[in-house]
Amino acid sequence: MKVITTYSLKGGSGKTTLAVLIAQYLLHKGHSVALLDSDTNQKSLLDWANNNQAVNVPCYLIQDELTEKDLNDFPNVDFVIIDGTPRTNAYVKSVLSLADYIVIPVQPTQIAVTSLLQDNHLSLLAEIEENNPNTQINVVINGATQHNTKEIKDVKEILTETGFNVLATLGQRKAFVIDYDKPFMQCSNSKALNELGYLVDKMLEK
Ligand SMILES: Nc1ncnc2c1ncn2[C@@H]1O[C@H](COP(=O)(O)OP(=O)(O)OP(=O)(O)O)[C@@H](O)[C@H]1O
Ligand SMILES: [Mg+2]
């Protein structure tokens, strides 16, 4: 079983969206998935799962610090996907420490990049990396209106120079907007599905 956790200190960067989209893609590929919501203030992922019981994916709120033992509650799932919370406390560290893959969504704007490069963000990620050398930390540029513009290239360069693995770019797409009353995006949108598939497949190939 692999654990994929979305994380960013920046609100509204796409953590919950990515958690739902990654779950959707993995289910679409025939994997089994369980969801954990660590954002105890907003509980967005839990709300989405409760509103969409037809999807039939178990979803629980993580109330306390997460331990390896808690993950043993999911012996039969291929992936546990955790929606991160924008804080840096011991609770957040316990959640991030159990991730095989951390996915950090960053909007391609100066303010979002600056936020990721803040000391509290970088020092927390450095600590996680040092204590968990097998955890892969990936950045996803999220909400690009166009791919391969100079702006996107500049953002990738800054993040790569800082030592981040920039995995992929997700466009600003209507198909990626989670409808809290409806399960998942429309799979008929093949461009969106291809973009998402590229991201997840590339992440899991390592
Ligand atoms: N690639 C995208 N295309 C279009 N809309 C997007 C995309 N990613 C995120 N959004 C929209 O941006 C908003 C914020 O996304 P989301 O709720 O996933 O962020 P978050 O990081 O979980 O926020 P919070 O910190 O409040 O938990 C939502 O309205 C979502 O639908
Ligand atoms: Mg959220």
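Remember, it's 1-based here, ligands and their atoms both numbered in the order they're listed. Keep in mind that the numbers below use all heavy atoms, side chains included, and drop hydrogens, waters and symmetry copies. By convention here, the first residue in the shown sequence is residue 1.
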**Q** Identify whether the distance between the nearest side-chain nitrogen and carboxylate oxygen of Lys43 and Asp39 falls below 4.0 Å.
**A**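 Result for this pair is no, no salt bridge flagged.
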
**Q** Do any nitrogen or oxygen atoms of Leu18 lie less than 3.5 angstrom from nitrogen or oxygen atoms of ligand 1?
**A**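 No, Leu18 has no N/O under 3.5 Å of an N/O on ligand 1.
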
**Q** Which residues pass the side-chain contact (heavy atoms from CB on, under 4.5 Å) test with Ala168, sequence neighbours left out?
**A**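 Ala168 satisfies side-chain contact (heavy atoms from CB on, under 4.5 Å) with Tyr198, Leu199 once adjacent residues are dropped.
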
**Q** Please work out whether any backbone atom (N, CA, C, O) or any side-chain heavy atom from C-beta onward of Gln172 is under 4.0 Å from ligand 1, and answer side chain, backbone, both or neither.
**A**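 Under 4.0 Å from ligand 1, Gln172 contributes backbone and side-chain atoms.
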
**Q** Would you mind telling me if ligand 1 is within reach of the side chain of Gln42, the backbone, both or neither, using heavy atoms under 4.0 Å?
**A**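 Only the side chain of Gln42 comes within reach of ligand 1.
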
**Q** Looking at ligand 1, would Pro105 count as a contact under a 4.0 Å heavy-atom criterion?
**A**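 In this structure, Pro105 fails to qualify as a contact of ligand 1 - no heavy atom is under 4.0 Å.
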
**Q** Phe79 and side-chain contact (heavy atoms from CB on, under 4.5 Å): which partner among Ile22, Val3, Leu204?
**A**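 Among Ile22, Val3, Leu204, the one that satisfies the side-chain contact (heavy atoms from CB on, under 4.5 Å) with Phe79 is Leu204.
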
**Q** Have a look at ligand 1 and work out which part of Asp39, if any, has a heavy atom under 4.0 Å from it: side chain, backbone, both or neither.
**A**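 Within the 4.0 Å criterion, Asp39 contacts ligand 1 through side-chain atoms alone.
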
**Q** Does Arg173 pair with Glu195 as a salt bridge, N-O distance under 4.0 Å?
**A**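 Counted as a salt bridge, because a side-chain N and a carboxylate O are separated by less than 4.0 Å.
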
**Q** When you check the side-chain N and O atoms of Asp70 and Thr67, is any donor under 3.5 Å from an acceptor?
**A**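 Short answer, yes.
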
**Q** What part of Asp83, side chain, backbone, both or neither, has a heavy atom within less than 4.0 angstrom of ligand 1?
**A**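 Neither; no heavy atom under 4.0 Å.
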
**Q** Test Asp73 against Tyr60 for side chain to side chain donor-acceptor pair (under 3.5 Å), laying out the working first.
**A** CA-CA 11 Å; Asp73 291 342; Tyr60 306 97; over 6 Å; no

**Q** Answer with yes or no whether the side chains of Thr88 and Asn120 bring together a donor and an acceptor at under 3.5 Å.
**A**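 Note: Asn120 and Thr88 side chains miss the donor-acceptor criterion.
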
**Q** Any idea which atoms of ligand 1 are less than 4.0 Å away from a heavy-atom of Ser13?
**A**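 Selected atoms, number and element: 19 (O), 20 (P), 21 (O).
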
**Q** Are Leu196 and Ile141 linked, directly or through intermediate hydrophobic residues, by side-chain heavy-atom contacts shorter than 4.5 Å (ILVMFWY only)?
**A**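 In one cluster with Ile141: Leu196, no.
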
**Q** Answer with yes or no whether Ser44 contacts ligand 1, where contact means a heavy atom under 4.0 Å from a ligand atom.
**A**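 The answer is no: ligand 1 sits nowhere under 4.0 Å from a heavy atom of Ser44.
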
**Q** Taking side chain as C-beta onward, heavy atoms only, is Val140 less than 4.5 Å from Ile104?
**A**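 No; the side chains remain at least 4.5 Å from each other.
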
**Q** Would you mind running through ligand 1 and noting each atom that sits below 4.0 Å from a heavy atom of Gly11?
**A**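 Those of ligand 1 that fall under 4.0 Å from Gly11 are 25 (O).
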
**Q** Considering distance alone, does some N or O of Gly12 sit under 3.5 Å from an N or O of ligand 1?
**A**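 N/O-N/O distance below 3.5 Å exists for this pair.
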
**Q** Strictly under 2.8 Å, is any N, O or S atom of Thr16 next to the Mg ion (ligand 2)?
**A**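 Under 2.8 Å: Thr16 contacts the Mg ion (ligand 2) through an N, O or S atom.
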
**Q** Run the numbers for me: atoms of ligand 1, each under 4.0 Å from some heavy atom of Phe176, listed by number.
**A**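 With Phe176 as reference, the close atoms of ligand 1 come out as 1 (N), 2 (C), 3 (N).
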
**Q** Using distance alone, decide if ligand 1 has a nitrogen or oxygen within less than 3.5 Å of any nitrogen or oxygen in Gly171.
**A**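 Right, the criterion is met.
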
